[in-house]
Enquirer: 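Here it is, the structure in full.
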Amino acid sequence: MSEENKVYTIFDRPAGLRFVGLLQMAFGLFGLIASIGIVGAILIGGPSILDGMGYIYSVLIFVGVALPCLIIGNYVDDLRKNAVTAQVIYSLMAMGLTGFFIAVRGLHYIWTVPLFETEIVVAIGNLAALILVSQAFIILYLILNWHRVVPPDDVEVVRDRKEAKQIEMGLVPSPLSPTLMGSDGTTELSDEDSQRIMDVHKVVSVGGMAVLCSNCNGATPLSKAKDNKLQCDYCGVTLGVGNVFVPCKNHSEYLAATTCAVCGDHFCRKCLTAQTPPIDDRWTASTIFMCQTCFEGRYRPAVTTTSFVIPIDQLFSTAGARFATVGKIYRRFLGAYGGVLKAIFGWPLALLGSFGKKDDDGKRRGGGGGWGGGNLDLSGLGSSGGDADACVGIILMIVIIIIAIPIIAGILMAVGALVFIPLLFYAGLIAVTFEAVKVIRRTDFQSLDSVRIQSVVEKKQPKAKQSTLRPYTRTWEEDFFAQSLERRREERKREEERRRRRGERTRAESFWGGGRGY
Amino acid sequence: MSSAHSMIMCPVCGGQVIIENTDKVNLCSYCASPILGPDQSRNCTNHPDILATEVCHVCGDLICGECTEKRVGDYGGKLLTIVNCSKESCIAASEWARPLNEEYQSLANMDWADKSDNFILRITGIGAVVMMVFELVFILGMLYLQYFTSHSALLPKILFSGDIVIILMVLGNILAAILLQTSLQVYVHERQLVSGAILLVMLIVEVAYLLWRGLYFNLLFLEDPLFLTVLLLALLFGTLLVFVGSLGAIYVGNKKRVQMKNARKQLNLSIQHEIERL
Ligand SMILES: [Zn+2]
Ligand SMILES: [Zn+2]
Ligand SMILES: [Zn+2]
Ligand SMILES: [Zn+2]
Ligand SMILES: [Zn+2]
Ligand SMILES: [Zn+2]
């Protein structure tokens with residue numbers, strides 16, 4: 001989906017970004033297994049290929065592959081600029097390393113790893129090529145889709161799934177309870193009373209323009225309004241008189257309830273739909289109201305357009321600024337990376353240490369305590385040396401569990417995929433067809449009026465979600481978004497320039513001032 | 001006059017309105033729609049004899065058309081229209097939003113096309129949905145013929161029975177899905193012309209591919225000709241709708257293209273002009 005476009009919630013992330021995250025996590029897991037596997041292999045009786053370098057290899061793979069892949073993979077699909085930048089840099093480094101490796105060792109380089117009685121052949125050269133190609137794709141994808149995978153600085157991204165879900169659902173926001181209200185506007189009416197009110201045929205009386213009740217949908221003539229307040233003829237609640245005395249654009253017999261937030265025209269409750277507002281601190285209301293034309297993307301605001309041409313020099317300077325920020329972000333990333341490293345690095349050692357102690361003492365020890373700082377020192381590992389066999393056994397078990405579980409899961413998933421992917425494909429096509437029918441029949445436009453009846457009849461807050469095909473019809477929103485981003489960036493640059501000049505001036509003044517003082 | 005316990009409801013959302021200003025606009029405490037104060041005059045603040053039509057988003061004054069300035073602002077990616085009065089402070093506070101170019105707006109107005117666009121969307125949309133359903137049923141029918149009837153002897157294969165049938169049918173499904181996606185694009189003003197043309201080409205490809213598949217799968221030799229008859233009728237129906245729709249889209253889309261070209265020319269907004277200015 002050229003989707004998708006502006007990014008507000010975690011659900012707005014492109015599927016490709018999701019895939020990048022999962023792929024990266026998979027590499028991380030693979031690296032973790034490999035580094036643990038090497039340690040295991042050394043303990044069983046190291047294969048000659050490792051020649052004492054085994055621990056170093058293991059640590060290198062852990063620090064260079066497992067940790068960064070798991071950390072970056074975990075964050076990269078959360079629409080975070082730093083994580084995406086880190087991913088690009090990491091992928092570049094990985095490409096450099098694997099490319100160098102292939103150049104030195106060739107594509108057909110193979111490792112034979114002894115495992116128990118048998119041997120596994122690992123086509124390291126091919127593996128390197130796979131990494132090289134996949135990382136290149138990741139970089140290409142991230143850079144080509146930069147606007148979609150990195151939200152602008154000043155837009156808040158909702159990562160909390162529950163909150164995001166609410167926004168995504170676009171539940172029709174209304175503080176009214178789903179049942180009909182009594183005349184005081186707060187007590188709920190009994191079913192029979194509601195039924196009686198809903199049964200009244202609500203026509204406009206001859207008194208001219210009428211106001212549609214937000215409680216029962218009844219139309220009461222505006223001429224009955226007193227002090228800009230109106231008692232509904234049907235259910236008796238007191239309605240404020242909203243907005244100004246303009247009839248609905250589509251129904252001259254009804255007073256407009258409010259203006260459409262997009263086109264600014266006046267509409268009644270039959271012609272408006274409600275949506276959750278954009279996340280922006282300047283928009284304080286809980287709801288935006290939209291007419292059908294704007295909902296369908298038929299109206300395109302024509303703002304004053306003066307420039308269709310982007311000057312080339314400007315383009316270069318923004319590119320330069322981006323490189324500078326990349327450097328800044330990388331420094332920040334290195335700092336955070338170091339911090340995480342310190343915290344996580346101790347963990348496997350602590351685990352080993354606690355196993356050793358458990359055997360020494362012959363007592364059960366709570367494993368939980370080992371996470372703190374106390375058990376992290378390396379001497380814990382040394383103390384377990386006497387019972388090394390038991391320790392090796394446990395490590396082997398861990399290795400087998402860690403390797404076996406992903407393999408079994410992988411086989412199960414592969415078998416399942418053979419059956420499920422075609423089914424999902426077929427189901428997806430049916431879903432697309434349904435969405436298309438919804439758009440063609442306009443059933444995804446729900447007016448305030450019809451939603452109110454629905455809530456009174458069904459006695460629950462109605463959901464109204466626009467068809468997922470709708471955003472395709474509002475192409476200009478995307479264009480404008482990109483334009484305004486560009487503008488904001490420029491403004492920020494100008495502001496910076498101004499600040500810099502101001503700084504220079506004060507420095508110069510104080511210099512002259514100091515000179516005069518002498 | 002209303003009893004003390006009665007609450008004033010927002011006429012838009014039904015939320016409670018707390019009246020703080022008796023002679024100025026109050027905002028619904030929930031949806032922020034403006035609600036008139038009980039003593040407020042309904043006329044423009046600057047022109048006491050003209051009925052107001054708007055409310056200033058900054059100061060909340062009622063204003064008439066003459067005092068109104070419309071702007072378009074970007075709120076977190078959504079383009080919304082706001083209105084401010086002609087007071088200097090209100091103009092300054094709205095400066096971040098761009099003034100609506102009313103001249104361009106009226107020249108670019110495409111309301112005239114609403115009726116025909118609705119018609120075109122329905123026609124092409126229904127046609128494309130028919131084609132899609134057609135493909136979805138076709139693949140099921142072919143799977144049935146392949147694995148449950150004697151017709152499978154007449155079906156081609158490479159490695160295992162049904163491989164070619166499945167691949168060709170899945171391709172057909174994808175083609176129909178793209179056709180459906182394109183058919184919805186005819187509703188977007190600036191994509192109408194292009195999507196209409198693409199639709200026409202894709203329709204020809206889809207129909208040719210379908211007929212070829214029918215021949216390749218030897219459907220002419222089916223024992224029961226009902227399946228084939230239903231398929232052909234559905235195909236004819238869908239094709240006709242999409243064909244008419246795409247021709248309409250091309251016609252209306254071209255009219256819009258000419259209108260936009262003229263509007264830009266009239267307002268000197270052409271790219272050429274910008275380059276010369278630089
Ligand atoms: Zn009522
Ligand atoms: Zn509108
Ligand atoms: Zn209306
Ligand atoms: Zn309200
Ligand atoms: Zn104002
Ligand atoms: Zn005025």
Side-chain angles (χ1 to χ4, degrees), chain A residues 6 8 155 174-176 183-186 211 214-215 226-229 237-246 257-258 261-264 278-280 282-289 297-298 301-305 307-309 429-430 432-433 436-437 439-440 469 472-473 475 477 480-481 484, chain B residues 2 5-15 17 30-38 40 42 51-55 62 70 72 74-81 83 98-101 104-105 108 114 121-122 125-126 129 132-133 136 173 177 180 184-185 187-188 190 269 271 274-275 278:
Chain A
K6 324 129 257 176
Y8 308 132
V155 169
S174 166
L176 267 184
S183 57
D184 59 355
T186 44
V211 175
S214 53
N215 184 33
K226 222 175 165 189
D227 300 334
N228 291 334
K229 272 182 287 191
V237 299
T238 309
L239 297 168
V241 168
N243 222 326
V244 270
F245 294 85
V246 182
T258 192
V262 178
C263 66
I279 297 170
D280 191 306
R282 285 166 307 180
W283 190 263
T284 47
S286 70
T287 312
I288 56 170
F289 297 105
R298 309 287 295 157
V303 285
T304 312
T305 348
S307 175
F308 284 100
V309 184
L429 288 180
I430 294 176
V432 166
T433 313
V437 171
V439 168
I440 294 166
L469 298 176
Y472 287 110
T473 57
T475 47
E477 252 178 15
F480 191 87
F481 191 58
S484 75
Chain B
S2 57
H5 65 270
S6 112
M7 114 180 175
I8 297 182
M9 256 188 188
C10 170
V12 192
C13 72
V17 182
Y30 188 76
C31 74
S33 293
I35 309 292
L36 303 187
Q40 192 170 7
R42 299 166 183 184
L51 208 57
T53 51
E54 299 283 355
V55 177
L62 292 193
K70 276 194 178 187
V72 176
D74 162 29
Y75 288 93
K78 273 193 160 66
L79 273 195
L80 304 181
T81 296
V83 154
R98 293 207 278 166
L100 186 74
N101 189 339
Y104 184 55
Q105 189 79 65
D114 273 359
L121 173 72
R122 301 289 176 298
I126 293 169
V129 166
M132 187 75 236
V133 173
L136 290 175
N173 278 4
L180 181 60
L184 296 177
Q185 307 292 306
Y187 202 51
V188 183
E190 56 259 49
L269 284 174
I271 292 177
E274 282 299 317
I275 292 172
L278 283 173

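Here is how names work: the chains are called A, B, and so on, in the same order as the sequence lines, proteins then strands, and each is numbered from 1.
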Enquirer: Can you confirm whether B:Tyr30 sits close enough to A:Leu176 that some side-chain heavy atom of one is under 4.5 Å from a side-chain heavy atom of the other?
Expert: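 Heavy-atom side-chain distance check fails, nothing below 4.5 Å.
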
Enquirer: Find the distance between CE (B:Met132) and CG (A:Leu429) and round it off to the nearest 0.5 Å.
Expert: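 Interatomic distance, B:Met132 CE to A:Leu429 CG, rounded to 0.5 Å: 4.0 Å.
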
Enquirer: Please rank B:Pro38, B:Ala32, B:Gly15 by heavy-atom pairs under 4.5 Å with chain A and give me the top one.
Expert: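 Highest number of pairs under 4.5 Å: B:Pro38.
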
Enquirer: Given the options A:Ile288, A:Asp227, A:Val246, which has more heavy-atom pairs under 4.5 Å with chain B than any of the others?
Expert: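 Result: the option with the highest number of such pairs is A:Asp227.
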
Enquirer: Looking at A:Ser214 and B:Met9, what are the two nearest heavy atoms and their distance?
Expert: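 Heavy atoms only, the tightest pair is OG-SD, 4.1 Å.
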
Enquirer: Which answer fits B:Cys10, side chain, backbone, both or neither, if we ask what part of it has an atom under 4.5 Å from a heavy atom of chain A?
Expert: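 The backbone, not the side chain.
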
Enquirer: Could you tell me which non-hydrogen atom of B:Gly37 sits nearest to which non-hydrogen atom of A:Asn228, and how far apart they are?
Expert: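 Closest approach of B:Gly37 to A:Asn228: O-ND2, 2.7 Å.
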
Enquirer: Report yes if the side chains of B:Ile35 and A:Val241 come closer than 4.5 Å at any heavy-atom pair, otherwise no.
Expert: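 Side chain of B:Ile35 against side chain of A:Val241, heavy atoms only: no contact under 4.5 Å found.
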
Enquirer: Counting only non-hydrogen atoms closer than 4.5 Å, does B:Leu136 touch chain A with its backbone (N, CA, C, O), its side chain (CB onward), both, or neither?
Expert: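 Answer is both: backbone and side chain atoms of B:Leu136 are under 4.5 Å from chain A.
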
Enquirer: Contact between B:Arg122 and A:Ile440 at the side-chain level, heavy atoms closer than 4.5 Å - yes or no?
Expert: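 Yes, side chains in contact.
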
Enquirer: Could you walk me through whether A:Leu239 and B:Ile8 pass side-chain contact (heavy atoms from CB on, under 4.5 Å), step by step?
Expert: CA-CA 5 Å; A:Leu239 297 168; B:Ile8 297 182; over 6 Å; no

Enquirer: In terms of heavy-atom proximity below 4.5 Å to chain A, should B:Leu180 be classed as side chain, backbone, both, or neither?
Expert: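 For B:Leu180, side-chain heavy atoms alone lie under 4.5 Å from chain A.
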
Enquirer: Does any backbone or side-chain atom of B:Val12 lie under 4.5 Å from a heavy atom of chain A? Answer side chain, backbone, both or neither.
Expert: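 Interface part for B:Val12: both.
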
Enquirer: Output the distance between atom CZ (A:Phe245) and atom CG (B:Leu62), rounded to the nearest 0.5 Å.
Expert: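 Here the interatomic distance stands at 9.0 Å.
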
